[in-house]
Amino acid sequence: MASRFQEASLVTSPSYPNAVAWSSENLIAVAAGHLVIILNPALPSGPRGVISVPNAEPYQIGKVRYEDLLTGGLLPSSLKRERHPSVRSLSWSHLGMSQNYGCLLAVCSAEGRVKLYRPPFSDFSADWLEIADVSDLLFENLLSINFGESNNPSSTSLSNKDQVVQPDHEDDERIPILRTRKRRKTSLDNINLHEMDISDQASCSKQDNQTVNNVLAVELYEQPSNAHNCHSLPKAPKKCSREISPEKYVSREALLSSLSVAWSSLLTFSTEGSSFENLLRFSLLAIGSKSGCVSIWKVHAPESYHIERGNVSPNVELTAIIQAHSSWVSTMSWGISGCDSSNPQMLLVTGSCDGSVKIWMSNKEDLQKSVEVYTSSFFLLKQVVAVNLVPVSTLSFVVNNYSDEMHLAIGKGSGSFEVWKCEISTRKFEQVASTNAHDQVVTGLAWSYDGRCLYSCSQDNYVRNWILSENTISEVPIPANTPGLSSTSDLPDDFLSCLGVALSPGNLAVALVRSFNIELLNPMYEARSQKAAVEFIWNGAQQCGESEDCSETITEAILGFSKNEYAYWESNLLWSLKEFRDYNKPLVLWDMIAAMLAFKQSMPEFVELVTTKWLSVSYLGFHADIPMEDLVPKISKRFSAVPSRLLHILNVISRRVMLSELKTDEINRKLQGQRMNNEEETDLWLKLLQESERELRERLVGLSFSAYLTAESAPSTGNWHPAGLAQMQQWVEINHDIVDNQLQTLSLEVKSSLTRSSSNSTETALEEENCPYCAAPVHFKSPEEAVCQAPHQKKKKERCDQGHKLERCCVSMQVCPPTPLWFCKCCNRLTLELAPEALFALLSFPNDLKSLPEYSFSKVALKPFCLFCGILLQRKQPEFLLSASPV
């Protein structure tokens, strides 16, 4: 097996499968006992975030006679006395769900509670903050409708009004969906749940020792109010002394006992007849329970993003409760089908302890209806695996819209796993393989490279690597680490089990969670502080089946190393860069940069060859095998014709890989000084970086001028109103010899319009700015920084450099105030005003900026991305606090 290239020790050990998750903003969460430990893979031994799962007060759900305590499946609840909190399941949301545009983390405890947490970006703390208790919301929903039970005690079925008849054909089979309808002034009075007899399930799934210990109680305590999230939900009664049967108690307990959580991607919809500014943005959160039900929640994304206020709770709504299985829902996974994001089809895969696996689908019309009337409709697309004696322990589901295929891997408690393949267009499912891969329960599965490679791990401590080719799957050795990429840590290798596997956003690195065999460790030192570890191994040398033509020069230049190893590294690096061309995919290049930096130390020729091939193919459209000195001028001429995302990737590679020997501030100073001295010979990558950033700034200035003139002719409250127009005009005047002619024409029009309106209103875009510290005037000379003209400078010219040195916003070019600002970890620039999303979606420099459609200037939820690097901006944190590292 390949050796790790870095690792991080944990003070607590995981207890359940799927114990690790990798977020789209490059953070790793590990479910380790009663803690959730959040790591930054760029600094695995650095600062960490922590979530401590407390003891939860049980929900008091009814009154049962004393003589019935040993009947109706109540024995586990009656005998349970001690509570040991532990994390059973966790899942990251998509980027954009937190107030700082980061990810939310859903945590399900062994006691059945599900809570949402956000990063402490404005609290200067290591503890992540709870923002919603979804289990409390579920309890209030169920309590308000008496758990879906009919007032008639003898009634055990759905009413005819709400029962959905199941057709004969499986592909169109509509399942009984327990809907939560919301009307403006009416209560939730139309939900009916199956009153299930699950007394034989209370101790299923190998007698789970973390059975929810809801205490038998006579009265209900009042739940905390969460009115702004419940949307006028009818309040639960303070007391309920009604006696219920043991079967009803077990049924209610199972409905409230959550086992697994899964987030969908972020969805965007517009209501019928509304304009583009009335977009609804939300993510679906699925929660599986012991009753076999799956509750689906809509968690709305923030309307705007900021880094100063973090105490805003999300809008969480119950959409539906699906009776998915007859036993515990142990694992779930979301997918989205359809290349067109405006017409998505949501897919939810659920696995159960009864051995069954099902795929549910909700099409665009149903999702749109769900948005408007707070209903949801999922239908059964396929029952992949029927009920059997082997429970399902884990799932991995990937949808490849480019190849029109879905790949599903199903891990089981027996140590085997199955692989299913489906053509999206025909919905034809086919079992590709069923193999006894492990000796114990499969604890983790992860697809990589769009479903061509699969990693599996088990409680037997083995991690295996599989390649899917056509309709066959075969095991291959885990890729060996290239020289220079191995760890030199003395972390012990006495592992007992592996409880999870996760892939990095770029698919080039793999994270594994392993528990130590405490009996083999030094009891005085290691056994006390090292209960488990997160291992990182490289996935770049993975054989993916299909590969592009690789440069033969690599193998000629390297002696003593595998030819295929470097060929696969080249192919996978180029694949990863190609995937990030989609501007909807967050630009997280940490794994690629880390690998290229390691190669640069041991084999710089390899890095140069890969970079040259990517530049020529991406910018010129073909592989030009020419020296870098000849390639740079050709690429520079193509900057105005390429998408903004390509410019962002180029800037990140230039700064973090090719110019890695220079500090970020030094690079910025060189970029500012090069325009003053054109005769000095400059580095090729500095020149390339300078011209790329200037192209992006021209695009921003052009969009800003066009947005202002559009708003002047047709005012709209939903449009983006750019700031810093006067500063942009001065920048165009300073660079009039190199900027596009369109910008000069638009600059004159904007200046004329501002002059006419300045006499009638107080415009903020004045040519002269003041220092935020001494109120001295500040003149515009550079878009990066400024120096105020302090009063004493007029008398003592020799001290003219003693004014306050100020930084300018990289978007508006205005002087930054002394308040928390957005910060870029790649170029170290500050941002006060956010750039419009249209800038990041541009495929080229517009031929006519005046003819841009109005929706290009929408101000709805401006995304905090860096103008020059395209990565996620964040609030600058002290070195002792955790923060994400996209690069």
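All values reported here derive from a predicted model rather than from experimental measurement.
- The 12-atom threshold is not exceeded at NZ of K876, counting heavy atoms of other residues, nucleotides or ligands nearer than 6.0 Å.
- Rounded to the nearest 0.5 angstrom, L659 CG and W685 CH2 are separated by 8.0 Å.
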Candidate pair V501 and V463, rule side chain to side chain contact (heavy atoms under 4.5 Å, CB included), full reasoning: CA-CA 9 Å; V501 58; V463 179; 5.5 Å; no
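- Between atom CG of residue L408 and atom SG of residue C422 there is a gap of 9.5 Å, rounded to the nearest 0.5 Å.
- A heavy-atom distance below 4.5 Å is found between the side chains of K634 and I626.
- The aromatic rings of W92 and W128 sit perpendicular, their planes meeting at an angle over 60°, well past the 30° parallel limit.
- Listed for the S576 side chain is no donor-acceptor partner under 3.5 Å among the backbone atoms of N572.
- N18 and T394 are linked by a side-chain donor-acceptor pair at a separation below 3.5 angstrom, with hydrogens and angles left out of the test.
- Counting only distance, with no hydrogens or angles, the side chain of S616 and the backbone of K613 share a donor-acceptor pair below 3.5 Å.
- Contact of the W22 side chain with the P41 side chain is registered, since non-hydrogen atoms from C-beta on lie closer than 4.5 Å.
- The CG atom of L104 sits 10.5 Å away from the OG atom of S91 when rounded to the nearest 0.5 Å.
- With T611 contributing its side chain and E608 its backbone, the two residues share no donor-acceptor pair below 3.5 Å.
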ring-ring contact (aromatic ring centres under 6.0 Å, His included) between W466 and F417, worked out: CA-CA 12 Å; W466 310 83; F417 71 82; 5.2 Å; yes
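- For the pair S636 (side chain) and V632 (backbone), a donor-acceptor distance under 3.5 Å is present.
- Under a 3.5 Å cut-off, the side chain of R464 and the backbone N or O of A437 do form a donor-acceptor pair.
- With a 4.5 Å cut-off on side-chain heavy atoms, L90 and I51 do not count as touching.
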ring-ring contact (aromatic ring centres under 6.0 Å, His included) between W569 and F599, worked out: CA-CA 10 Å; W569 262 111; F599 276 115; 5.1 Å; yes
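- For D450 (side chain) and N400 (main-chain N/O), no donor-acceptor pair under 3.5 Å exists by modelled atom type.
- In this view, K825 satisfies the salt bridge (Lys or Arg N to Asp or Glu O under 4.0 Å) rule with no residue, not counting sequence neighbours.
- Between M592 and L508, the shortest heavy-atom distance links the atoms CA-CD1, 3.6 Å.
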Worked verdict on I649 versus R645 for side chain to side chain contact (heavy atoms under 4.5 Å, CB included): CA-CA 6 Å; I649 297 176; R645 174 51 70 92; 4.0 Å; yes
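- Of all the heavy atoms in L834 and L862, the pair that sits closest is CD1-O, 3.5 Å.
- The closest side-chain heavy-atom distance from S515 to P14 is below 4.5 Å.
- Between W590 and W538, the ring planes lie parallel to each other; the angle is under 30°, not in the 30° to 60° tilted range.
- Two residues are said to be in side-chain contact when any heavy atoms from C-beta on lie closer than 4.5 Å; M628 and L615 meet this criterion.
- Side-chain atoms of N26 do not come within 3.5 Å of backbone N or O of S23 as any donor-acceptor pair.
- When all heavy atoms of L839 and L696 are compared, the closest pair comes out as CD1-O, 4.1 Å.
- In this structure, OG1 in T612 is found 8.5 Å from NE2 in H623, a value given to the nearest 0.5 Å.
- Salt-bridge check for E661 with K600: passed, with a basic side-chain N closer than 4.0 Å to an acidic carboxylate O.
- Evaluation of the ring pair (Phe, Tyr, Trp, His ring centres under 6.0 Å) rule for Y455 yields no partner, not counting sequence neighbours.
- Considering every non-hydrogen atom in both N40 and A884, the closest pair reads ND2-C, 4.3 Å.
- Smallest separation of non-hydrogen atoms from C810 and L700: O-CD2, 4.4 Å.
- With hydrogens and angles ignored, the 3.5 Å screen pairs a side-chain donor or acceptor of S504 with a backbone N or O of N507.
- Note on R699 versus E695: salt bridge recorded, some NZ/NE/NH1/NH2 to OD/OE distance being below 4.0 Å.
- Rounding to the nearest 0.5 angstrom, the gap separating the OG atom in S654 from the CD1 atom in I667 is 9.0 Å.
- Counting heavy-atom neighbours within 6.0 Å of K585 NZ, excluding the residue itself, gives a total above 12.
- Among the candidates F580, Y583, F840, F865, the single residue satisfying the ring-ring contact (aromatic ring centres under 6.0 Å, His included) test with H648 is F840.
- Of all heavy-atom pairs spanning C869 and V652, the tightest one is O-CG2, 3.6 Å.
- Proximity of Y449 to V398: side-chain heavy atoms (C-beta onward) are nowhere separated by under 4.5 Å.
- S283 places a side-chain N or O within 3.5 Å of a backbone atom of S264 that can act as its donor or acceptor partner.
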Side chain to side chain contact (heavy atoms under 4.5 Å, CB included) between V36 and Y117, intermediate numbers included: CA-CA 11 Å; V36 177; Y117 295 87; over 6 Å; no
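- Not a single donor-acceptor pair under 3.5 Å links the side chain of Q874 to the backbone N or O of F121.
- More than 12 heavy atoms of other residues, nucleotides or ligands sit less than 6.0 Å from atom CD of E691.
- Rounded to the nearest 0.5 Å, atoms CG (L267) and NE2 (H94) are 9.5 Å apart.
- L882 is listed as a side-chain neighbour of L27, based on a closest heavy-atom distance under 4.5 Å.
- No option in T443, V442, T331, L445 other than V442 meets the side chain to side chain contact (heavy atoms under 4.5 Å, CB included) test with S393.
- Between S24 and C103 the shortest side-chain heavy-atom distance falls below 4.5 Å.
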N539/D591 under side chain to side chain contact (heavy atoms under 4.5 Å, CB included): CA gap, chis, key distance, verdict: CA-CA 10 Å; N539 191 40; D591 50 355; over 6 Å; no
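- Every residue was checked against the salt bridge (Lys or Arg N to Asp or Glu O under 4.0 Å) condition with E879, not counting sequence neighbours, and none meets it.
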